Asker: 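One structure follows; several queries about it will come next.
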Amino acid sequence: MIFFDYLIDSIPFFIRAAAITVELTAAALVLGMVIGLCFAMMKISGRRGLKYAADTYITVIRGTPLIVQLFAIYFGLATLVDFGSFWSAAIALAIHNGAYIAEIFRGGIESIDRGQMEAARSLGMNYSLAMRRIILPQAFRRIVPPLGNQFIIGLKDSSLAAFVTLGELFGVSMRLASTHYAELSFYTIAGLYYLALVIMFTVLVNWLEKRLRIES
Amino acid sequence: MIKVRGLNKWFGSLQALNNVSLEVKSKEVVVLIGASGSGKSTLLRCLNLLEMPDQGEVEFDGRLIKPGQDDLNLLRRDMGMVFQHFNLFPHKTVLGNIIEAPIMVKRISRGEALENARWLLEKVGLEDKRDAYPCQLSGGQQQRVAIARSLAMSPRVMLFDEPTSALDPELVGEVLSVMKQLAREGMTMMVVTHEMGFAREVADRVIFMDEGSIIESGNPRQVFESPRHKRTVDFLGKVLWGPSAPADTPPMLSAAGQA
């Protein structure tokens, strides 16, 4: 069957593309976590200006399509700074996922009993130390499942980077599909690679969840 | 050691503290009693500024505390606080709970913090639980760890906010006995409690609060045996005789002793 020929023959292309997808997703999500944490802290800071800024960011980013954000950064910002297709995509994905991650962090932090902060402060810890040592470690355990979910969405959303010419999984499958006039085969193959990556990642998250449960 | 002048605190339209003034001397054990919502806990929480008073002054060790200017973290180090719901850090072991603040806040060495923590655990009778997590302990054990955690900062005053109210009755004694020992060792203490037996036995002074005001203050003998105010009489009657007691039942000495 010709599908399996395509599947086998395309392995070198797709492995390289999968590596780019993983790198892109990792860069985007690490950055997205930093952005998310910052905006979550702003939201719970109790300062109206900061909370308003965070709310605006979250509303705008969640309210507009990722592809719009991606094009705005790749084509729009390129007139000022040229990040190249990889970093344009990484930054767009980070900003996009950051909005969702901010809400996940906020929910996790707010689910921690108020008494924890009070106990930490009563021992003389300042706010940021109490956050870092007492609140966030507990919140992190609770947000592993929703965060894992968001990471999976982020991984699949990274396929949009193909439209800013990045040769990641979907970009490569587009190229191969059109050169071989075999759309069904190559998009199916791309789907299989995404599925494999998501399954591997899910196993990792489940393992982490179990480990954290044993620890506490 | 602690002087409070004209403290007022509102929660919305509810006045939680109404012009409260008091003084606590070094090595004194002051017990605050009163019905729920009478402002005892709020008063305690205003002392280490977990709650910001709307008006009034708090003086600690001869220094007026100015929120916004003074480093409240330095103040709080010197005032240990024990909470009704223990508030141990669930992600840390017993030892981890105790050494956290000394290492991160006081910046003492880990070895020194551990040595001190072991000594404190021995003092509260839990040296065998040092590697356990809070969820593996009974309420009474958790509260004793919480006391050790506060003591690890070498506070000059200990504030207890209903330390036994969340405990099963059979576990109250072990916590109270640790507190009694502390009192004997000369710790300055302020205790909000419903344990009248403890108040009678340990307190140097009992303060009765109602609707945010200090109604009556004196040595336990005087407050329990010959309360001067009708509201104190009513409250003690309810606490010592049960809610069905007629309001004019005298709070008799013998009954109070056994309560």
Side-chain angles (χ1 to χ4, degrees), chain A residues 33 36-37 40-41 44-51 104-148 205-216, chain B residues 41 44-45 47-52 71-93 96-107 132-136 142-143 145-162 166:
Chain A
M33 294 255 285
L37 186 59
M41 296 315 243
I44 60 166
S45 67
R47 304 225 173 117
R48 203 174 303 169
L50 292 178
K51 184 182 177 305
I104 293 172
F105 270 123
R106 183 183 63 86
I109 292 167
E110 285 181 346
S111 77
I112 304 299
D113 184 64
R114 239 169 51 108
Q116 291 291 308
M117 181 54 99
E118 289 185 350
R121 299 306 301 274
S122 79
L123 289 166
M125 294 190 201
N126 60 38
Y127 180 83
S128 72
L129 185 65
M131 250 315 153
R132 222 170 56 234
R133 300 282 307 178
I134 305 303
I135 308 296
L136 287 179
Q138 293 181 60
F140 185 71
R141 273 154 219 247
R142 296 196 190 171
I143 63 172
V144 166
L147 205 55
V205 171
N206 288 345
W207 171 82
L208 184 66
E209 237 179 281
K210 208 187 284 170
R211 235 198 67 162
L212 288 175
R213 211 173 6 226
I214 293 165
E215 248 178 64
S216 50
Chain B
S41 290
L44 210 61
R45 293 159 59 84
L47 295 181
N48 68 353
L49 297 151
L50 274 185
E51 213 76 75
M52 288 293 168
D71 186 352
L72 297 183
N73 302 312
L74 283 174
L75 166 79
R76 292 192 184 114
R77 280 192 210 184
D78 285 335
M79 288 195 189
M81 187 158 203
V82 175
F83 300 86
Q84 181 176 356
H85 296 288
F86 331 132
N87 298 348
L88 290 180
F89 307 136
H91 60 305
K92 292 183 181 294
T93 61
N97 266 275
I98 298 174
I99 63 173
E100 178 69 19
I103 291 176
M104 299 305 291
V105 177
K106 273 192 161 176
R107 303 242 160 245
Y133 281 91
C135 62
Q136 297 165 316
Q142 289 194 47
Q143 194 61 297
V145 173
I147 293 173
R149 178 177 69 176
S150 283
L151 291 174
M153 293 300 283
S154 321
R156 324 251 328 262
V157 182
M158 284 287 284
L159 310 173
F160 292 86
D161 188 4
E162 303 203 24

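Everything numeric in this text was worked out from a predicted model, so none of it was measured.
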Asker: Can you give me the closest heavy-atom contact between Phe89(B) and Gln116(A), atom names plus distance?
Answerer: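 Heavy-atom minimum between the residues: CD2-OE1, 3.2 Å.
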Asker: Checking Glu118(A) against His85(B) for the side-chain contact (heavy atoms from CB on, under 4.5 Å) test, could you report, in this order, the C-alpha distance in whole Å, the side-chain angles of both residues, the deciding distance, and whether it holds?
Answerer: CA-CA 11 Å; Glu118(A) 289 185 350; His85(B) 296 288; over 6 Å; no
Asker: Given Ser122(A), which of Arg77(B), Arg45(B), Met81(B), Arg149(B) fulfils the side chain to side chain contact (heavy atoms under 4.5 Å, CB included) condition?
Answerer: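 Single side chain to side chain contact (heavy atoms under 4.5 Å, CB included) partner of Ser122(A) among Arg77(B), Arg45(B), Met81(B), Arg149(B): Met81(B).
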Asker: Side chains of Ile134(A) and Glu100(B), heavy atoms from C-beta outward: is any pair under 4.5 Å?
Answerer: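 Yes - at least one pair of side-chain heavy atoms lies under 4.5 Å apart.
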Asker: For the CG atom of Asn87(B) and the CZ atom of Arg114(A), what is their distance to the nearest 0.5 Å?
Answerer: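 Asn87(B) atom CG to Arg114(A) atom CZ measures 10.0 Å (nearest 0.5 Å).
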Asker: Testing the basics here: between Met125(A) and Val105(B), what is the closest heavy-atom pair and its distance to 0.1 Å?
Answerer: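 Nearest heavy atoms, Met125(A) then Val105(B): CG-CG2, 3.6 Å.
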Asker: Counting only heavy atoms closer than 4.5 Å, note whether Met153(B) contacts chain A via side chain, backbone, both or neither.
Answerer: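 For Met153(B), the contact with chain A is made by the side chain alone.
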Asker: Looking at side-chain heavy atoms only, is the closest gap between Arg121(A) and Arg76(B) below 4.5 Å?
Answerer: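 In short, these two side chains touch, coming nearer than 4.5 Å.
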Asker: Identify which part of Asp113(A) has an atom lying under 4.5 Å from any heavy atom of chain B, answering side chain, backbone, both or neither.
Answerer: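 For Asp113(A), side-chain heavy atoms alone lie under 4.5 Å from chain B.
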Asker: Output the option from Leu72(B), Leu159(B), Leu88(B) having the highest count of non-hydrogen pairs under 4.5 Å with chain A.
Answerer: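 Between Leu72(B), Leu159(B), Leu88(B), the count favours Leu88(B).
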Asker: Could you state the interatomic distance from CZ (Arg133(A)) to NE2 (His91(B)), rounded to the nearest 0.5 Å?
Answerer: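 The distance works out to 7.5 Å.
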Asker: What part of Leu129(A) gets within 4.5 angstrom of chain B, counting heavy atoms only: side chain, backbone, both, or neither?
Answerer: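 Contact with chain B is through the side chain of Leu129(A) alone.
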Asker: Is it the backbone or the side chain of Lys106(B) that comes under 4.5 Å from a heavy atom of chain A, or both, or neither?
Answerer: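 Nothing of Lys106(B), per the 4.5 Å heavy-atom cut-off to chain A.
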Asker: Indicate the atoms forming the closest heavy-atom contact of Ala101(B) with Leu123(A), along with that distance.
Answerer: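 That would be CB-CB, 3.8 Å.
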